[in-house]
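What follows is a short report on a single structure.
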Amino acid sequence: MRLWHGLLASLWTTLRQLRRRDTLEYPEQQPKLGERWRGRPILTRDPDGEERCVACELCSAVCPTHCIALEGADRPNGRRFAQSFRINFARCIYCGLCEEACPTVAIQLSPEFAFAKTERGDFVYHKEALLIDGTGKHPEYRYYDHAGVRTQALPEPRNCDPRSNLP
Amino acid sequence: MCRKGIVPTRCAMAEVFYLDGEAIPFRAGQNVLEAVLEHRQESSIPYFCFHPAMGSLGACRQCGVMVYPHDGKHPPRLTMACLLPASRDLQLGRAEAKVQHEHQLISELLMRNHPHDCPVCDEGGQCHLQNMTVASGHAYREYEPEKRRYQSQELGPLIRQEMNRCITCYRCVRFYQDLAGGEDFGVFGSRDRVFFGRLEDGPLESPLAGNLAEVCPTGVFTDKVYHQDYLRPWDLEESAGICPHCSIGCNTRPGAARGHLRRVRQRSHGEINPHFLCDRGRYGFRYVAAEDRPRQAQAGGRRQDVDSVLDRLAARLAEGRSAFLGSPREDLDSNLALFALARVLDAPFAAFFEPWEEAKAREILALPHPPAPARISAYAEILVIGAVERVAPTLPLFLREAHDRGAAISLLRCLPSPLTALAGEDRLLPPADLLDAAWEWLGQRHHRPFLLLIDSESVGPELLHLLRREIGTWPDGSGILPVYRQGNLPGASFYAVDGHASRLRTALAGNDYDHLLALGQDPQEMDGLWWRSHGDIDLSLIDHRRSLSWDDVWLSLPCAALSERSGLYYNGEGRLQAAAVAYTPAREERHWRPELGPFPLAAGGALREELLPSPVELCRALAERLELSERWQERLRFYRDFLLRSAPRPGDPGVFLPEELRARFRLHSAPPPRATDQGWSVCRFSHYSEEELANGARELHSLAPASAAWIAPGQQDARQVRLRAVDGTSRTLPLRELPDMAAEVLAIPRAELVFLGLRPGDGVNPEWLD
């Protein structure tokens, strides 16, 4: 009796799974990936639509495959930005260290993971291809709110007057 | 405040104290922090305000260590390591919880007002504050009020100020006022409003102001020129360089990346530049990026490719009617290559175009072993002749130190000088009287060794000659240190010095020679008067700057700049130093294509090299075209072996010019000065930024005043002055007043002196115009 029960119960468990399917007809059907999926890095903008990247070069410093190269410049209002930004996806290993190192949450790993090219040079993505129009995973963050550096975007702060002799 | 000398005194290290049980040797007079820094590469004690050249102040309170008294009665106490004299068997603790907590608290206090702007700060990656905060283990602050905000100042084209980052260590003001002697920068305000800056916006006046960027432990003062082409310091490839902009030969550390030279910092050399570099050395490198730097070979002002220009040049040289001119600012090998080519062609060669300059070079070479710049501070009596601080802006650092040690400094000058404040005796003289005054000074009895610092650009060969001949009668250890702006004068001239310039001129003036091949020297910029009167000579130039005649000459060939090739340079004391290749100029291709070769950079993109040939390569190409390649190489090897018995490598302290070679130049006469009538005479006016190469550095050169004639105030009401050359051509210059300069002296820039065929000290008849 116990033997029959064991056999039938396991058979029933198997039969119960018949309706469920985890395998998708990829690529016709695309999987829904989690937010923290580590795919192709992108550059995001802050809530005001300004580029978040300030060209601090921490991403290129931390990158274990040295696949990021950038150079910064100043906007007329004093804001730093990346004049050129380049990632070589032929070398990128999607480790996410750049995202972790980025102090301005500009570089973020997106869920895009599969992209194939016929030419090696085409794997080098420049800034235009990397920069998106949204804020990515951190909708509220503005680096310059925290930096203590003045740009015209911030209200003029009260300056400290070194010539004052008030206590 | 205890001050440590710029020249460390050597004595036996015998005694030790203990830091966390580790024995640390020290010398008498050192403090604990100094001994620890000298003993270890990375200090285990965090610190800010201490600097080896400026000593201790105890302002930042960061370098606390626990001292354990020996008596057993007193409890251990926390003391600042930079204020604690090192003594035998002192027991100190750093790695204990109480000390570490103290370090964290101080870090927290310093970070209280420091903005969180490391990502946009140029100092990030080389920041002492970053390193020390990480070392002390401080990360989160418990108290986060609104931070203090300052209005930063605009400090000119070289230095940028961001005062919010200040941690009040006082290093900047201690450097600027105490060491550099600057008066336009100071400290203002009280309590937490202390401000370091100028009274009002404007460029910093001191020629050593660029050091603020290195002295500041955080990002208050950063290098504006580096910022234009900024890349994090960890991305830069640094090499061992030698500054080519004056005769001191300071050691530099050029930093380059991706085909651009981005900055130059100082590399310490105990005998030459222990800690600091002047602004000409720091910012002069930008001549490599000058907009008008020649990059195309030209024939008669029209572009041509290098090969056809070389073909034409070789054909001309084969005619045997060509003379050769080297250059005291080019490196040794380039000069030797050209000299060897002249030798195999049996053509006249000179390193100078002006016999007068050549005579001076001969006297400079004949000086018996001049003292090293950093040894200046050891002399008790110093005579300064001329405007040495304009020629070699680091010298005042050593003179100031000598003054602080009690040296008696005498100053003979025609132009205003910041050294006036240091001089016990200060005489304002027309240039022609400098020799007599120097003679008078020597006539006073000097028992201790003394030093003569001579600005050899404002005196003639006669002065150097007469003073040099007296050296034997001076107390032992006395010496003469001449300064000038050419970076390799002994190297260019010591195989072609006596009478070569006059022979070259005679040859060119005669009928046998009608072509001059000049390397890094434009005859029109050396002696305009002579060159104008010999207009039928064809000139070919090899250079890396656009000189006055560049576009008008017969052939012009651009070559690699000094930092784009390695080179050997003799400095003013006769020390041969080697500079490594600082960078290879290249342009980055945005898109890599298979035709560009293998994928060169990890991050994509390809560098396309844009390296121009070096003068040695050009000489080799000429020798090959003339089918003299083997003989040329043999000659070159012979000269090289003869001169360089031991060639230094980049980063070495250098080797000296052999004394027996120097003795060759001890001749018994020098050209006498031109007779000057009483009345107005000329002297050379120069700005510290001025030098043939550094003039091409845009940011630095923007500080130089416009060309004018300068006179003492109250001498003339005229607005302009006209000066006539012997051949009738004239120059009209605006007249400017310069306080504290000699009366009846017209100070005019070198370019105008050369145009008019005048030398410093010559008498003139100025026409005053309204």
Side-chain angles (χ1 to χ4, degrees), chain A residues 52-58 60-61 63-74 78-81 83-92 101-104 106 119-126 143-151 154 156-167, chain B residues 113-122 124-125 144 146-153 160 162-166 187-197 199 219 227-235 257-258 260 262 588-596 598-599 601-606:
Chain A
R52 269 180 177 153
C53 178
V54 295
C56 71
E57 298 176 40
L58 285 181
S60 76
C63 179
T65 61
H66 307 294
C67 71
I68 306 179
L70 69 151
E71 261 178 74
D74 293 346
R79 204 181 155 113
R80 289 284 285 171
F81 74 106
Q83 198 172 32
S84 68
F85 200 107
R86 198 173 58 199
I87 304 181
N88 176 8
F89 288 120
R91 285 181 76 108
C92 180
C102 184
T104 68
E119 191 66 75
R120 222 150 44 112
D122 295 345
F123 276 114
V124 179
Y125 276 40
H126 290 267
Y143 165 70
Y144 278 96
D145 289 356
H146 307 271
V149 181
R150 190 172 326 164
T151 63
L154 282 177
E156 192 70 10
R158 227 174 41 162
N159 284 324
C160 166
D161 179 10
R163 282 173 200 159
S164 157
N165 60 0
L166 293 175
Chain B
N113 279 314
H114 193 82
H116 299 169
D117 64 346
C118 300
V120 291
C121 173
D122 281 1
E144 283 274 6
E146 198 179 333
K147 299 209 172 200
R148 178 189 61 193
R149 288 269 175 93
Y150 286 108
Q151 179 70 47
S152 298
Q153 286 181 329
R160 177 173 139 158
E162 176 53 64
M163 193 54 206
N164 291 339
R165 297 173 184 149
C166 184
V187 51
F188 305 89
S190 60
R191 60 174 182 93
D192 67 342
R193 288 182 305 234
V194 169
F195 184 89
F196 298 90
L199 264 178
H227 184 78
Q228 291 175 13
D229 228 359
Y230 187 76
L231 214 55
R232 289 278 173 206
W234 60 69
D235 279 339
R258 297 183 205 161
H260 292 272
R262 290 166 197 258
E588 216 166 72
E589 293 283 341
R590 193 175 145 85
H591 295 288
W592 174 82
R593 296 178 305 280
E595 316 72 279
L596 290 171
F599 221 62
L601 295 179

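The structure presented is a predicted model; accordingly, all values stated were derived computationally and were not measured. Convention: sequence-line order gives letters A, B, ...; per-chain numbering from 1.
- Using a 4.5 Å cut-off between heavy atoms, A:S60 touches chain B through its side chain atoms alone.
- Of the listed residues (A:A61, A:A55, A:G72), the one with the most heavy-atom contacts under 4.5 Å to chain B is A:A61.
- In this structure, B:W234 and A:E57 approach most closely via the heavy-atom pair CZ2-O, 3.4 Å.
- With sequence neighbours excluded, the residues forming a ring pair (Phe, Tyr, Trp, His ring centres under 6.0 Å) with B:F196 are B:Y170, listed by chain and number.
- The nearest pair of heavy atoms linking A:C56 to B:P119 is CB-O, 3.1 Å.
- B:R160 approaches A:D74 most closely through the heavy-atom pair NH1-OD2, 3.8 Å.
- Residue contact with chain A, scored on non-hydrogen atoms closer than 4.5 Å, involves the side chain of B:R191 exclusively.
- Shown here for A:Y143 and B:C118, the closest heavy-atom pair between the two residues is OH-N, 4.3 Å.
- Looking at A:E119, the atoms closer than 4.5 Å to chain B (heavy atoms on both sides) all sit in the side chain, from C-beta outward.
- No side-chain heavy atom of B:H260 sits less than 4.5 Å from a side-chain heavy atom of A:E71.
- Residues satisfying the ring pair (Phe, Tyr, Trp, His ring centres under 6.0 Å) test with B:H227, not counting sequence neighbours, are none.
- For the pair B:V120 and A:F81, the minimum side-chain heavy-atom distance is 4.5 Å or more.
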